[in-house]
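Beneath this line is the structure, given in structure tokens, with notes to follow.
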Number of protein chains: 2
Amino acid sequence: MSQEFTRGATLKDVAEKAAVSISTASRLLDDRHASKTTETARRVREAAALLGYRRDYAASSLRRTGTSTIGVLVPRLSDAVMGIFYEEIARECERRDLSALVATTGDDPHRLRLAAQSLLSRKVDGLVLTTARTDDDFIAELRSAGVPHVLALRTDGISPSATTDDELGGYLAIRHLADLGHRRVGIVAGPTYASSATMRLAGARRGMLESGLDIDEELFAGNGFSVEAGEEAAGRLLGLPRPPTALFAFTDHSAIGAMTAAARRGLNTPGDVSIVGYNDIPLARHLPTSLSSVRVSLDLIAQGAVRLLLDAEEGSRVFPPTMIPRQSSARIRPV
Amino acid sequence: MSQEFTRGATLKDVAEKAAVSISTASRLLDDRHASKTTETARRVREAAALLGYRRDYAASSLRRTGTSTIGVLVPRLSDAVMGIFYEEIARECERRDLSALVATTGDDPHRLRLAAQSLLSRKVDGLVLTTARTDDDFIAELRSAGVPHVLALRTDGISPSATTDDELGGYLAIRHLADLGHRRVGIVAGPTYASSATMRLAGARRGMLESGLDIDEELFAGNGFSVEAGEEAAGRLLGLPRPPTALFAFTDHSAIGAMTAAARRGLNTPGDVSIVGYNDIPLARHLPTSLSSVRVSLDLIAQGAVRLLLDAEEGSRVFPPTMIPRQSSARIRPV
DNA sequence: CTGTTAGCGCATTCAA
DNA sequence: TTGAATGCGCTAACAG
């Protein structure tokens, strides 16, 4: 046991034990080619197993083209969506016998560059980033530098990406509220630099138009994904002279903030104001007033992203979201 | 710009530019020794900066003893506590010009071993783990194998660790509720394999004893950290013939589950039942009914852990928690 | 299919 | 203090 962790056997040891040359051992142990079934191959694998041989990635990557490692950039890991997303990426990597490195950027362009540099200096084979900002040209820089990358959750419309259909998601949320009889729906929007937010907004507008809802510009507020941002924006909306009877928030966290803002004003959810969130994080269904939300398949998006990055697939993947109604949205109260 | 990401300059390039040998450049750029102030040193650093030289960690670690990388093992990243903890670890590593690798284990002993192997095979200099289980001897194996490691948030009582004083935290939570006049407090406990949970329990018991609260064994329920676990356990407690007037949950998530269980039974928080959580995640203060919670300094714990691991400090660090009262806990209603 | 040779980028001998 | 030489563990190019 005490040997189990100590710097393991090297290729040389394996080669000796199997009575072959080092390069033969190397070749026979290379998982990239179809694993051979010859007697020698069996012997080498047996020797490797016996000695507990594990390839030294550092040394290996020195000669190989790639490192079998991908880099993942997210705004923050304290956000459940990003945490789950990264876990799914890591899971997919594990399946493919790769590893993943994460770095957080705080959604700050400067920190993004630093973090990407740091990842790249570790020679990752490619980057998955959920940090695309329409007001920053970092993604364009990656493209022109020829760095393999794929966007996830957010897109810049050019680089390959794996996203949910945010326009549809926004549309579904509004349709759901309209179906419940709401005519005046407030939008707790997200940052304009994120495509996810602008697409949700576009979908919401389409839904409002189609369903003949009020489209006052004063019904649109907010520019963040956080609980605080949601609370602040919802507070303003609910303080309007003609307040909305329902709110659509662009994340579950900002929806929780919206619930809080409502509660602070003595309004019940859904009695006085219906609320719909986005992402359907696990917490949503377990809240005291369970949260209606637009579900996004983070696992599919993560798998799609890895596939786009490594399997040289073209274009982008867009996965459809689903509206999950729960307690927080209800039929409008007859006045 | 398009060169910025391409495989950067090597030591050889720097050496040429500075008109010195490769080995001189290597030595002068070695951050482990006091940075020299000679003219040559300046020239080498300037050349390095000009070329955007970044040490190749893979190659470097082939010769150096260490890799300047530490491995972090957490149960899951979708949990806000772990997400924040890892971010703090990563921040501290950045300060020290190290990097960190994370892996999740799902709190499963088998996956823990696999993940640790995977990290170790990447030759990390040491391990930070928040996954200690009293019913598993993996930590003991690490010790006997001589793998540098430090425990965080949970401890096994032997290996060096950075934790909060969970016993005190449990005590403070109960004292807080007792001070509000509650005599019958239900405990939404955590898994018995986690020292954090057993210590909180011990502290809670001490508080109950000291404050003369009811100590029925039926007031203790639950064995998980999740929202679901909290909801389930709180549901049982609140269904008791003589239900508690307050609940102390061992995590904020299980406290939210407890709030949900209360709501499902038509009970108001804090009107009918007061609730206190643990960890004070950012969400706690922003809930519709803001959650009273025991605050833990994840940043200090993270820094302490890295310090213990790398600065060869001895023993363990225990940081004191703080009780943060909010809306979810209130004076008991006069009957 | 096999073994020999060369070298990835770097840090460390050692001799100057 | 410097530079030449050596090799970390591994893979790729080559010849057998």
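In what follows, every chain begins at residue 1, and chains take the letters A, B, ... in the order their sequences are listed. As the structure is a prediction and not an experimental result, all values here were calculated from the model.
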**Request:** Looking at every strand, decide which applies to Y57(A) at a 4.0 Å heavy-atom threshold: base, sugar-phosphate, or nothing.
**Result:**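 No contact.
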**Request:** Would you mind classifying the nucleic acid contact of R27(B) as base, sugar-phosphate or nothing, using non-hydrogen atoms under 4.0 angstrom?
**Result:** base
**Request:** Spell out yes or no: do the side chain of S23(B) and the base of dA5(D) have one donor N/O and one acceptor N/O closer than 3.5 Å?
**Result:** no
**Request:** Go through the side-chain N and O atoms of S159(A) and R143(A) and say whether any donor and acceptor fall under 3.5 Å apart.
**Result:** yes
Can you tell me the distance, in whole Å, between the [atom1] atom of [X] and the [atom2] atom of [N]?
X      : N      : atom1 : atom2 : value
E16(B) : dG9(C) : CD    : P     : 13 Å
L11(B) : dG7(C) : CG    : C1'   : 16 Å
D56(B) : dC8(C) : CG    : C1'   : 9 Å
L62(B) : dG7(D) : CG    : P     : 14 Å
I22(B) : dT1(D) : CD1   : P     : 21 Å
E39(B) : dT2(D) : CD    : C1'   : 15 Å

Under 4.0 angstrom between [X] side-chain N/O and [N] OP1 or OP2:
X      : N       : result
S61(A) : dC8(C)  : no
T24(B) : dG3(D)  : yes
R32(A) : dA12(D) : yes
S26(B) : dA11(C) : yes

**Prompt:** Do you know the tightest heavy-atom contact between V14(B) and V44(B)?
**Reply:** CG1-O, 3.8 Å
**Fill in**
Picking from dA12(D), dA4(D), dT4(C), the nucleotide nearest the side-chain atoms of S21(B) would be dA4(D)
**Message:** Whether E88(B) and R91(B) form a salt bridge (side-chain N of Lys/Arg under 4.0 Å from carboxylate O of Asp/Glu) is what I want to check.
**Reply:** yes
**Fill in**
Assign each of A59(B) and L28(B) the nucleotide of DNA chain D bearing its closest heavy atom; nearer the 5' end lies the nucleotide of L28(B)
**Asked** When you match R63(B) and V20(B) each to their closest nucleotide on DNA chain D, which lands nearer the 5' end?
**Response** V20(B)
